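The structure under discussion appears below in the form of structure tokens.
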Amino acid sequence: MNMRLPYRRMWESESEAAAGREYGGGILTSTKHGVKIEGFHQRGNSWYVSADIPSDLQVQIGEANFHLHKYPLLSRSGKLNRILYDSRNPDLNKIAMDDLPGGPEAFELAAKFSYGVAIDLTAGNISGLRCAAEYLEMTEDLEEGNLIFKTEAFLSYVVLSSWRDSIVVLKSCEKLSPWAENLQIVRRCSESIAWKACANPKGIRWAYTGRAPKVSSPKWNEMKDSSPSRNQLVPPDWWFEDVSILRIDHFVRVTTAIKVKGMRFELIGAGIMHYATKWLPGLGNDAAIAVEETSINNGNNSSSSGSDGSWKGGLHMIVAAGTRDETSSLQAKDQRMVIESLISIIPPQKDSVSCSFLLRLLRMANMLKVAHALITDLEKRVGMQFEQASLNDLLIPCYSKSETMYDVDLVQRLLEHFLVQEQVEGSSPSRQQSLSDKLVGSSLNAKARVARLVDSYLTEVSRDRNLSLTKFQVLAEALPESARTSDDGLYRAIDSYLKAHPTLTEHERKRLCRVMDCQKLSIDACMHAAQNERLPIRVVVQVLFSEQVKISNALANNNSLKGGGVESQFQPIITNRKTLLEGTPQSFQEGWSTAKKDINTLKFELESVKTKYLELQHDMENLQKQFDKVMKQKHTSAWTSGWKKLSKLTKMTNVENHDIANHIPTSEEQNRKTTRRWRNSIS
């Protein structure tokens, strides 16, 4: 990216005018030089000075060689002085400085400045030249108005006063670490950008690229065309595109400075989402995510030699070699760094970024194996606004060693974070004092939306044959009963799970159906469930009973509509009929007469089913009696029969004794008989 500005800045001071040095439209010159030269010229990778004196010093920087003279350089560079002094060799004529910041381009400008050749200071070269001057130790101790002073003045008075120049300089600092950090260039540019982004743009002619540019870099030179007029309303996101060209660490610095300045958190979040969409191509759509997953998986299985990569826009790299990292891909490593940095700077306020963005970021974080602490923090953020999620964003594949296709455990954690957040907000004293009916209703609506979302998610993941019954049941029962006003979605998920798992036992099917409340099923769902052969018989009976209750209520409402005069009952009839139509399925709403016919048909079918149910119940009772009789005979032991025989003998003995006692006469009776016999004998 060519960051060089074609325009020049004017900056002068009295001391420099007196010294004969000037910033002539950004041109920096020095009149003090001991060698008369005609200019610099390049031959291949070598630079030569056209002078009447042959060069006596060769400076090598990377692959570039500079054939220069000692005197102009030594008079301005403390480092070159020290190198020659420490060498103890006055005939030393070759010096290598491969670690010079800014490379050959910055040294070329520094050498020209030492010779007094005019150099063009721009926002594109000032940071490299400032770092090179610091490296070469071109301080005021050697000469007044040396290169450090000149470049520092240009940064302070020209660059930092311009929005565009600050962006360009900060972008050019990417290759100058750690020199740009140590010299506070990054910090000063970040604060300058933050101040201008937070300032009121009304009446200020600032160039901005609020719309996506046709090329990869902003058109900095089109100041008049791109600048809004003073009467034109500047959009609040005017700075997004400019800041999004920065590297992630510099973007973090700018965003942090903007937070300190007090910008609205939703605007900061929008800037973060804009940056993420540009630097993480897989965040935009599912197709791009699939491509990212395929490339990472291919990187895991590939091994090649070399380690060089070339940037091709954003974080796309042509990787010639893998590393020993888990992903074996430099691209994945850089994207992981971007995701970790973005998670750390998202404003803590709710709704600062969309829930869809958080879920897509969470998906890539799991795919790239981001730090566990950051993933946990991101999951809590999703839980704060879980009611805004969509099913498509919630279908996150399981990237760990798991048998299931989708990460059900992740959705379980998100749901737990949502419930904890709802409980905390509901129990906080400040919220309880200011809690109104509207807030209570919004909380219930949020739980209802989450319940519908969870039911849809269960319907989707239930097709996975590897999904265990326990995971399905735990996720279905995680929400409180009050969250679901209707269990139609849950019944749909249960039916889908039974279809995908036909080998479930009767006990497992009963256990699965316990998560559903038959009384919360609509008439349509009851009709379907009554004919569903996959459901246990007990559940079908419960559904039929619930259906009968609903039909009875509907008939009762219908009968109430017929009673009473039309004039006196007109308004209640309209209300009851509307309520009844809203509570019936779609097929009943075609007309009230059609609804009555359907209800009568359902009554007839229900009576038939009830008759069959009574027959089955009668047969069941007979079988139960036979079973009880067999079990009684089976459990009768010899000890029990012995006690029974003993008890019978005891009863018989008691009866016999009682009979004997009845037959033995008493003494009075004997006397009576004796007297009678005596009387008889006398007579």
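Keep in mind it's a predicted model, so treat the numbers as computed, not measured. Starting from 1, each residue takes its place in the sequence as its number.
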When you look at F418 and K447, which way does the side chain to side chain contact (heavy atoms under 4.5 Å, CB included) test go after all the steps? CA-CA 9 Å; F418 168 76; K447 289 183 179 179; 4.2 Å; yes

Evaluate the side chain to side chain contact (heavy atoms under 4.5 Å, CB included) criterion for residues L136 and F107: first the C-alpha distance (whole Å), next the side-chain angles of each, then the deciding distance (0.1 Å), finally the verdict. CA-CA 9 Å; L136 295 172; F107 184 78; 4.2 Å; yes

Y275 (side chain) donor-acceptor with I248 (main chain) under 3.5 angstrom: yes

Which atom pair, heavy atoms only, marks the closest approach of A106 to G128? CB-O, 3.6 Å

Before accepting this row, confirm whether a basic side-chain N of the pair K278/E241 lies closer than 4.0 Å to the acidic partner's carboxylate O. yes

Answer yes or no: is there an ion pair linking R492 with D455, defined by an N-O contact shorter than 4.0 Å? no

Mind checking what makes side-chain contact (heavy atoms from CB on, under 4.5 Å) contact with R509, not counting sequence neighbours? L498, L504, E506, P536

Polar side-chain atom of S166 near backbone of V159 as donor-acceptor pair, under 3.5 Å: yes

Just by distance, no angles: are the side chains of R381 and S352 close enough, under 3.5 Å, to form a donor-acceptor pair? yes

Look at the side chain of S172 and the backbone N and O of V169, then say whether any donor-acceptor pair between them is shorter than 3.5 Å. yes

side-chain contact (heavy atoms from CB on, under 4.5 Å) filter on Y135, not counting sequence neighbours, yields K79, M97, D99, L100, P101, W179

Please report the interatomic distance CG(L395) to CZ(R363), rounded to the nearest 0.5 Å. 8.0 Å

Contacts of type side chain to side chain donor-acceptor pair (under 3.5 Å), residue T459, not counting sequence neighbours: none

Given 3.5 Å as the limit, does a donor-acceptor pair link the side chain of D487 with the main chain of K520, or not? no

Given 3.5 Å as the limit, does a donor-acceptor pair link the side chain of D407 with the main chain of L410, or not? yes

In terms of heavy-atom contacts, I268 and P347 come closest through CG2-CG, 3.9 Å

Considering residues at least two apart in sequence or located in another chain, which fulfil the side-chain contact (heavy atoms from CB on, under 4.5 Å) criterion with S177? R247

Indicate yes or no: does K171 engage E174 in a salt bridge with an N to O separation below 4.0 Å. yes

Measure across E105 and G102 and return the closest heavy-atom pair with its distance rounded to 0.1 Å. OE1-O, 3.4 Å

Looking at every heavy atom in both L359 and I396, which two are closest together, and how far apart are they? O-CD1, 4.1 Å

Do L414 and L394 have side chains that get closer than 4.5 Å, going by heavy atoms? yes

Is the shortest heavy-atom distance from the side chain of P480 to the side chain of L419 under 4.5 Å? yes

I need the full list of ring pair (Phe, Tyr, Trp, His ring centres under 6.0 Å) pairs touching residues 348-380, with sequence neighbours left out, sorted by first then second residue. none

Could you work out, with side chain to side chain donor-acceptor pair (under 3.5 Å) as the rule, every residue matching T255, not counting sequence neighbours? none

Decide whether Q388 and D351 meet the rule of one side-chain donor and one side-chain acceptor closer than 3.5 Å. yes

Using only atom types and a distance under 3.5 Å, with no angle test, would you say the side chain of D495 pairs donor to acceptor with the backbone of Y491? no

Salt bridge present between E416 and K380 (N-O < 4.0 angstrom): no

If we ignore hydrogens and angles and just use 3.5 Å, is the side chain of S192 paired with the main-chain N or O of L160 as donor and acceptor? yes

Side-chain donor/acceptor of D98 to backbone N/O of G62, under 3.5 Å: yes

Would E134 and R130 pass as an ion pair if we require N to O under 4.0 Å? yes

Residues passing the side chain to side chain donor-acceptor pair (under 3.5 Å) test with Q60, sequence neighbours excluded, are none

With sequence neighbours excluded, residues passing salt bridge (Lys or Arg N to Asp or Glu O under 4.0 Å) with D409: K471

Do you know which two heavy atoms are closest between Q385 and S354, and how far apart they sit? NE2-C, 3.7 Å

Would you say D464 and T404 are linked by a side-chain donor-acceptor pair, where the criterion is simply a distance under 3.5 Å? no

Taking side chain as C-beta onward, heavy atoms only, is R188 less than 4.5 Å from E191? no

Does the separation of the ring centres of W163 and W238 fall below 6.0 angstrom? yes

Should E152 and S156 count as side-chain neighbours, where that means a heavy-atom distance under 4.5 Å? yes

Of all residues at least two apart in sequence or in a different chain, which pass the side chain to side chain donor-acceptor pair (under 3.5 Å) check with T503? none

Output every pair passing ring pair (Phe, Tyr, Trp, His ring centres under 6.0 Å) with a member in residues 447-473, not counting sequence neighbours, ordered by first then second residue. F472-Y497

Partner set under salt bridge (Lys or Arg N to Asp or Glu O under 4.0 Å) for R465, not counting sequence neighbours: none

What's the separation between atom CE in M364 and atom CG in L362, rounded to the nearest 0.5 Å? 11.5 Å

Specify the closest pair of heavy atoms between A451 and R484, including all atoms of both residues, with the distance to one decimal. CB-CG, 3.7 Å

Sequence neighbours excluded, the answer for side-chain contact (heavy atoms from CB on, under 4.5 Å) partners of T505 is H507, E508

Does the K261 side chain pair with the main chain of A199, one donor and one acceptor, at a distance under 3.5 Å? no

Whether the side chain of N125 engages the backbone of T122 through a donor-acceptor N/O pair (distance < 3.5 Å, no angle test) should be reported. yes

Would you indicate whether the side-chain heavy atoms of L342 and L280 approach each other to under 4.5 Å? yes

